[in-house]
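We number each residue from 1, following the sequence as shown. Every heavy atom of this structure was used, including side-chain atoms; hydrogens, water molecules and symmetry mates were not.
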Amino acid sequence: MAPVYADHPFALILTPAHQEDDPDIFSNVASEMALVHNMIIRGLNSIYLQAPHVQSKDISSFQRYCMAWYDLLHVHHSGEESQFFPYVETATGKKGIMEKNIQQHEAFHEGLETFKSYIQECISGKVKFDSAKIITIIDEFGETLTQHLREEIPTILGLREYGEDKFSTIKQVFDAEGEDSMKKLGLVAGLPFCFGNHDVNYEDGKWAKWPPAPMAVHLLSRHVTFWAHRDAWKFCACDRLGQMRPLYAV
């Protein structure tokens, strides 16, 4: 069987900064948002593709991997709604300008919570792990979720019409939200998942040093805390150094 990678069924997002000769601040922020979204998409793809093939000895580890994916998405969207979206409203002077994005969050919220609840019930032993159930749940919200992840990129690019003066601090606000999210995810339970689903060779290696975290965070996540839950991170799209690899369970 040919190697299977986490680049489907949900398509990855191209970054504006890789497609433009002279990217501006909006392109750069939209690109970093796309990279976060691609971690989420690779994680979702890796769950979707590997779930039917997980062996009994790996079920517990796979369930923890699924929860790490949920945690990343939950923390990311909570940060957007509490920090980034309000900033955009203030900068534009248009209350409700990000309402469409919030409505999109709500559109897949029920399916996402169903996913979380099912995995938690499996972990607690209330129900038996059923890969077909996971696929069915993802089928119910996956396209809605990934459509939102794609559409948020042109939304950020569309802020250009308000001018860079109004958004002079957009990068700082975005970075602050990202830093807060990384702290919430943690060096042990969350960041190794993130690094394990960021392809350092994506778009000709343009993003090899991303995310813009201190080097100590990169080193600890890849070389130290990774090992605490290495049984779960073997399901990641990439190895601990960020190299895309054939999926473990397929």
Side-chain angles (χ1 to χ4, degrees), residues 10-17 24-45 47-48 66-120 137-164 166-185 190 193-194 197 211:
F10 303 106
L12 297 171
I13 304 169
L14 299 176
T15 67
D24 60 12
I25 191 172
F26 299 104
S27 290
N28 289 328
V29 170
S31 296
E32 292 201 47
M33 183 71 82
L35 295 174
V36 176
H37 290 181
N38 279 342
M39 288 194 299
I40 294 168
I41 293 172
R42 289 189 190 94
L44 183 60
N45 284 339
I47 291 170
Y48 194 89
C66 290
M67 282 307 303
W69 175 81
Y70 169 84
D71 289 341
L72 168 60
L73 182 56
H74 176 70
V75 166
H76 173 62
H77 282 150
S78 296
E80 286 185 327
E81 292 186 11
S82 65
Q83 298 180 53
F84 189 68
F85 291 176
Y87 167 78
V88 172
E89 281 196 349
T90 300
T92 60
K94 290 191 173 183
K95 187 173 179 59
I97 189 173
M98 302 303 287
E99 185 61 29
K100 178 182 177 181
N101 298 75
I102 294 173
Q103 290 175 353
Q104 288 179 333
H105 286 186
E106 294 171 350
F108 58 77
H109 176 77
E110 183 177 350
L112 187 62
E113 291 305 300
T114 298
F115 175 88
K116 180 190 76 169
S117 296
Y118 177 70
I119 296 299
Q120 287 179 330
I137 294 172
I138 293 176
D139 281 340
E140 291 175 354
F141 73 82
E143 188 54 46
T144 303
L145 166 62
T146 53
Q147 179 180 344
H148 159 70
L149 297 178
R150 290 190 294 270
E151 290 182 355
E152 204 163 73
I153 308 311
T155 295
I156 295 174
L157 295 176
L159 298 176
R160 282 178 176 141
E161 69 176 274
Y162 298 95
E164 289 194 15
K166 289 186 176 182
F167 283 96
S168 60
T169 58
I170 188 173
K171 184 66 166 65
Q172 292 94 315
V173 171
F174 183 80
D175 287 349
E177 180 203 324
E179 182 179 354
D180 186 51
S181 294
M182 285 192 287
K183 289 178 180 177
K184 289 178 179 177
L185 290 168
F193 174 93
C194 298
N197 282 292

Notebook entry, point to check: Which atom pair, heavy atoms only, marks the closest approach of Leu14 to Ala34?
Noted result: O-CB, 4.5 Å
Check: Who passes ring pair (Phe, Tyr, Trp, His ring centres under 6.0 Å) against His109, sequence neighbours left out?
Finding: none
Margin query: Check the orientation of Phe26 and Phe167. Use parallel for under 30°, tilted for 30 to 60°, and perpendicular for over 60°.
Written below: perpendicular
Note to self: Could you check whether atom CD of Glu110 has more than 12 heavy atoms from other residues, nucleotides or ligands sitting under 6.0 Å from it?
What the structure shows: no
Check: Under 30°, 30 to 60°, or over 60°: which ring-plane class applies to Phe84 and Phe174, parallel, tilted or perpendicular?
Finding: perpendicular
Check: Going from CD1 on Ile97 to OG1 on Thr90, what distance comes out if it is rounded to the nearest 0.5 angstrom?
Finding: 11.0 Å
Item checked: Contact summary for Ser27 and Arg160, nearest pair of heavy atoms -> OG-NH2, 2.5 Å
Item checked: Within-4.5 Å side-chain heavy-atom neighbours: Ile13 and Met33 -> no
Next item on the list: Measure the acute angle between the ring planes of Tyr70 and His74, then classify it against the limits of 30° and 60° as parallel, tilted or perpendicular.
Entry: parallel
Note to self: Walk me through whether Lys100 and Glu151 qualify under side chain to side chain contact (heavy atoms under 4.5 Å, CB included).
What the structure shows: CA-CA 10 Å; Lys100 178 182 177 181; Glu151 290 182 355; 4.1 Å; yes
Notebook entry, point to check: Side chains of Glu106 and Ile102: does their closest heavy-atom pair fall under 4.5 Å?
Noted result: yes
Check: With a 4.0 Å cut-off, would you call Arg150 and Glu143 a salt bridge?
Finding: yes
Notebook entry, point to check: What are the two closest heavy atoms between Phe115 and Ile47, and how far apart are they?
Noted result: CZ-CD1, 4.2 Å
Check: What distance do Thr155 atom OG1 and Phe85 atom CZ have between them, rounded to the nearest 0.5 Å?
Finding: 8.5 Å
Next item on the list: Rounded to the nearest 0.5 Å, what's the gap from CG on Leu12 to CD1 on Ile41? Could you check?
Entry: 6.0 Å
Note to self: Under a 3.5 Å threshold, yes or no: a donor from one side chain and an acceptor from the other, between Glu80 and Asn101?
What the structure shows: no
Check: Residues two or more places apart in sequence or in another chain: which of them pass ring pair (Phe, Tyr, Trp, His ring centres under 6.0 Å) with His37?
Finding: His76
Notebook entry, point to check: Taking it one step at a time, do Asn28 and Ser31 satisfy side-chain hydrogen bond (donor to acceptor under 3.5 Å, both in side chains)?
Noted result: CA-CA 5 Å; Asn28 289 328; Ser31 296; 5.4 Å; no
Check: Of all heavy-atom pairs between Tyr87 and Ile170, which one has the smallest distance, and what is that distance?
Finding: OH-N, 3.0 Å
Next item on the list: Could you grab the distance from atom OG1 of Thr146 to atom CD1 of Ile138, nearest 0.5 Å is fine?
Entry: 11.0 Å
Notebook entry, point to check: Run the side chain to side chain contact (heavy atoms under 4.5 Å, CB included) check on Val173 and Glu177 step by step: do they pass?
Noted result: CA-CA 6 Å; Val173 171; Glu177 180 203 324; 5.7 Å; no
Next item on the list: Could you pull out the closest heavy-atom pair between Ala68 and Phe193, with the gap in Å?
Entry: CB-CD1, 3.8 Å
Next item on the list: Would you sort out whether His148 and Thr144 count as a side chain to side chain contact (heavy atoms under 4.5 Å, CB included), showing the intermediate values?
Entry: CA-CA 6 Å; His148 159 70; Thr144 303; over 6 Å; no
Next item on the list: Drop me the distance from Ile153's CD1 to Leu35's CG, to the nearest 0.5 angstrom.
Entry: 8.5 Å
Check: Does some side-chain heavy atom of Lys116 sit less than 4.5 Å from a side-chain heavy atom of Leu73?
Finding: no
Margin query: To the nearest 0.5 Å, what is the distance between CD1 on Ile119 and OG1 on Thr114?
Written below: 11.5 Å
Notebook entry, point to check: Looking at Ala30 and Leu157, what are the two nearest heavy atoms and their distance?
Noted result: CB-CD2, 3.8 Å
